[in-house]
Structures are given as C-alpha cells and as structure tokens.
Amino acid sequence: MGFHLLGIIKSESFSTKRGVSKGVDVPKGYLAVYVGEKQTRYMIPVPYLNQPLFQDLLSQAEEEFGYNHPMGGLTIPCTEDVFQHVTSTLNGL
C-alpha cells in the first residue's frame, strides 16, 4: 500500500494518469489528499480535518481550487515539506 509517515500514509503505488489510483484503497478513517509539485498522494487520518493547522491548508485549497480538484481528490496547494511539518505537528498533539 505505502508507508506510514508521521501518522499519515504516503502511497507509492499511485498513478497520476487521469487521477486514477491503481489498486490503492483508502483505509477506513483516512482521506486521500494530493500534495506538492508531483501531486504525491497521502492518506491522512480524518480527525486532522478538525485541527486548525490543517483547516488553514484546507482554506488554501479552497482559495486556489474551489471545489474543482483536478486529481479527483483533495489537492493541497503547498510543498511536501510544509505538509509534512503540519502533519508531524498534528501527530504530536
């Protein structure tokens, strides 16, 4: 499936062609998001959605993409480094 990284799952077996994943299901309790220039797919725990730090990322996504996310999932408009910093902070809570 992928590997766990600071409370999130980074999916390595994902094809960005037409935004279709190949054989990668999102586990119960997680949400797939796409981050960074390469649109790397991460699966975050759903409770992160309630955290103010993550809500800031969601606000940025809304400003940039509205409700039209080209990957078919939620696209977060930040670098992977910023995303990993935010999620590592949330993991420590």
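In what follows, every heavy atom counts, from backbone to side chain, and hydrogens, waters and symmetry copies are set aside. As the structure is a computational prediction, the values presented were derived from the model and not from experiment.
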From CA spacing to verdict: side-chain contact (heavy atoms from CB on, under 4.5 Å), F83, T40: CA-CA 11 Å; F83 180 77; T40 304; over 6 Å; no
Test side-chain contact (heavy atoms from CB on, under 4.5 Å) applied to Y48 and N91, step by step: CA-CA 9 Å; Y48 281 14; N91 193 44; 3.7 Å; yes
Stepwise side-chain contact (heavy atoms from CB on, under 4.5 Å) check, R41 with V26: CA-CA 11 Å; R41 182 180 183 184; V26 178; 3.0 Å; yes
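The two residues G29 and P47 come nearest to each other via the heavy atoms O-CD, 4.4 Å. Nearest heavy-atom pair, P77 versus A61, reported as atom, atom and distance to 0.1 Å: CD-CA, 3.5 Å. Contact record, M43 with A32: CG-CA, 4.2 Å, taken as the closest heavy-atom pair.
Shown are L49, L57, V86; of these, the side chain to side chain contact (heavy atoms under 4.5 Å, CB included) with I44 is made only by L49.
When side chains are defined from C-beta on, I76 does not count as touching V82, because their heavy atoms never get closer than 4.5 Å.
Note that the CG atom of L74 and the CD atom of E62 stand 11.0 Å from one another [nearest 0.5 Å]. The CD atom of Q84 lies 8.5 Å from the OG1 atom of T79; values are rounded to the nearest 0.5 Å. With rounding to the nearest 0.5 Å, the separation of CD in Q39 from CD in E80 is 9.5 Å.
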